[in-house]
Amino acid sequence: MGTVVDAANKEANGSSSGKKFAVVFVLGGPGSGKGTQCANIVQQYGYTHLSAGDLLRAELNSGSENGTMIQNMIKEGKIVPSEVTVKLLQKAMEESGNDKFLIDGFPRNEENRAAFEAVTGIEPQFVLFFDCPEEEMEKRLLGRNLGREDDNIETIRKRFKVFLESSLPVVQYYENKGKVRKIDAAKPVEEVFVAVKAVFAPINVEVKGLCC
Ligand code: UDP
Ligand code: MG
């Protein structure tokens with residue numbers, strides 16, 4: 001669908017390498033375990049993990065002209081304009097040398113979703129959705145102390161609100177397309193990974209045979 005337009009978009013945005021990328025969007029509230037489980041998936045199935053939040057933090061630390069804007073958005077738990085995030089994701093994909101990606105914490109709203117699709121022409125294979133109650137996520141975020149400026153109760157509450165209002169509708173959009181694989185993320189890490197493996201194993205038979 002829309003291949004001519006997609007090709008034109010790719011040309012215009014400098015991603016015309018012709019390489020076909022497989023993308024899984026990994027969504028879930030803040031503290032639902034996206035980053036932790038993505039690390040496990042990378043180990044086992046050879047995807048490249050791209051955390052949109054990490055890319056934005058790296059961008060702001062690099063002294064980019066957008067740095068102050070990004071910092072303010074993150075501090076307020078708001079969503080950075082798609083133009084910035086999509087560009088960072090696209091660059092990271094092209095530079096990775098890999099062709100399969102876990103895109104973690106993105107798309108966070110309808111604007112993100114539409115922009116990514118329009119610019120890259122990529123539709124996700126599926127959406128891995130970590131479903132976790134807010135109390136559990138709050139406990140994890142307050143306990144993890146990664147020194148992140150947004151892991152304080154005030155910003156956490158704002159992030160929950162943005163997740164409910166802006167990000168869950170994206171999950172719903174993909175749910176309507178039959179693309180959501182929902183995981184009960186309130187359990188211990190190992191148990192959650194058992195459920196995650198059940199999603200990835202059938203479609204990744206040929207990748208990275210791990211011995212143990
Ligand atoms: N963020 C954003 N767009 C994205 C991803 C992240 O604007 O596509 C910003 C947003 O302010 C968010 C913050 O970065 O609250 C932290 O995101 P991250 O995914 O690192 O948080 P997590 O959900 O993993 O706790
Ligand atoms: Mg994260």
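Numbering of ligands and ligand atoms starts at 1, following listing order.
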Practice item. Could you tell me whether some N/O pair between Val80 and ligand 1 is separated by less than 3.5 angstrom? Key: yes
Side-chain donor-acceptor pairs of residues 177-184 under 3.5 Å, sequence neighbours excluded:
| from | atom 1 | to | atom 2 | distance (Å) |
| --- | --- | --- | --- | --- |
| Lys177 | NZ | Glu123 | OE2 | 3.0 |
| Lys179 | NZ | Glu123 | OE1 | 2.8 |
| Lys179 | NZ | Pro124 | O | 2.6 |
| Arg181 | NH1 | Gly178 | O | 3.2 |
| Asp184 | OD1 | Ala186 | N | 3.1 |

Practice item. Would you check the N or O atoms of Asp150, main chain and side chain alike, for any that come under 3.5 Å of an N or O of ligand 1? Key: no
Check your understanding: Counting only heavy atoms not in Glu175, do more than 12 fall under 6.0 Å of its CD?
Key -> yes
Review point. Among Met137, Met73, Lys78, Gln71, whose heavy atom sits nearest atom 10 (C) of ligand 1?
Key: Lys78
Practice item. Show which atoms of ligand 1 fall inside a sub-4.0 Å distance from at least one heavy-atom site of Ile79. Key: 7 (O)
Practice item. List the closest protein heavy-atom neighbour of atom 24 (O) of ligand 1: residue, atom name, distance to the nearest 0.1 Å. Key: Lys34 NZ, 3.6 Å
Review point. So is Arg148 in contact with ligand 1, going by heavy-atom distances below 4.0 Å?
Key: yes
Review point. What about Thr85: any of its N or O atoms under 3.5 Å from an N or O on ligand 1?
Key: no
Review point. Can Lys139 and Glu135 be counted as an ion pair, charged N to O under 4.0 angstrom?
Key: no
Study note, to complete from the structure: protein heavy-atom neighbour closest to atom 2 (C) of ligand 1 works out as Leu56 CD1, 3.3 Å
Review point. Of all the atoms in ligand 1, which lie at a distance below 4.0 Å from a heavy atom belonging to Gly105?
Key: 4 (C), 5 (C), 8 (O)
**Study point:** Location of contacts on Arg108 toward ligand 1, heavy atoms closer than 4.0 Å
**Key:** side chain
Review point. Non-hydrogen atoms of Arg57 versus ligand 1: any pair closer than 4.0 Å?
Key: yes
**Study point:** Under 3.5 Å donor-acceptor, Asn112 side chain and Val86 backbone
**Key:** no
Review point. Under 4.0 Å between a Lys/Arg side-chain N and an Asp/Glu carboxylate O for Arg159 and Asp151?
Key: yes
Exercise for review: Say whether Arg144 and ligand 1 are in contact under the criterion: heavy-atom distance to a ligand atom below 4.0 Å.
Suggested key: yes
Check your understanding: Any N or O on Arg159 sitting closer than 3.5 Å to an N or O of ligand 1?
Key -> yes
Review point. Between Tyr47 and Phe200, what is the ring plane arrangement, given parallel below 30°, perpendicular above 60°, and tilted in between?
Key: perpendicular
Point to revise | Side chain to side chain, Leu56 and Val84, heavy atoms closer than 4.5 Å | key: yes
Exercise for review: Please indicate whether Gln172 has more than 12 foreign heavy atoms, meaning atoms of other residues, nucleotides or ligands, lying under 6.0 Å from its CD.
Suggested key: yes
Exercise for review: Find out whether Phe106 and Leu50 are in side-chain contact, i.e. whether some heavy atom of one side chain is under 4.5 Å from a heavy atom of the other.
Suggested key: no
Review point. Looking only at heavy atoms, is any part of Val162 under 4.0 Å from ligand 1, and if so is it the side chain, the backbone, or both, or is it neither?
Key: neither
Check your understanding: Are the aromatic ring centres of Phe129 and Tyr174 under 6.0 angstrom apart?
Key -> no
Exercise for review: May I ask you to list the atoms of ligand 1 that are less than 4.0 angstrom from any heavy atom of Pro30?
Suggested key: 23 (O), 25 (O)
Exercise for review: Taking only heavy atoms of Ile74 into account, list the atoms of ligand 1 that are under 4.0 Å away from them.
Suggested key: 9 (C), 11 (O), 14 (O)
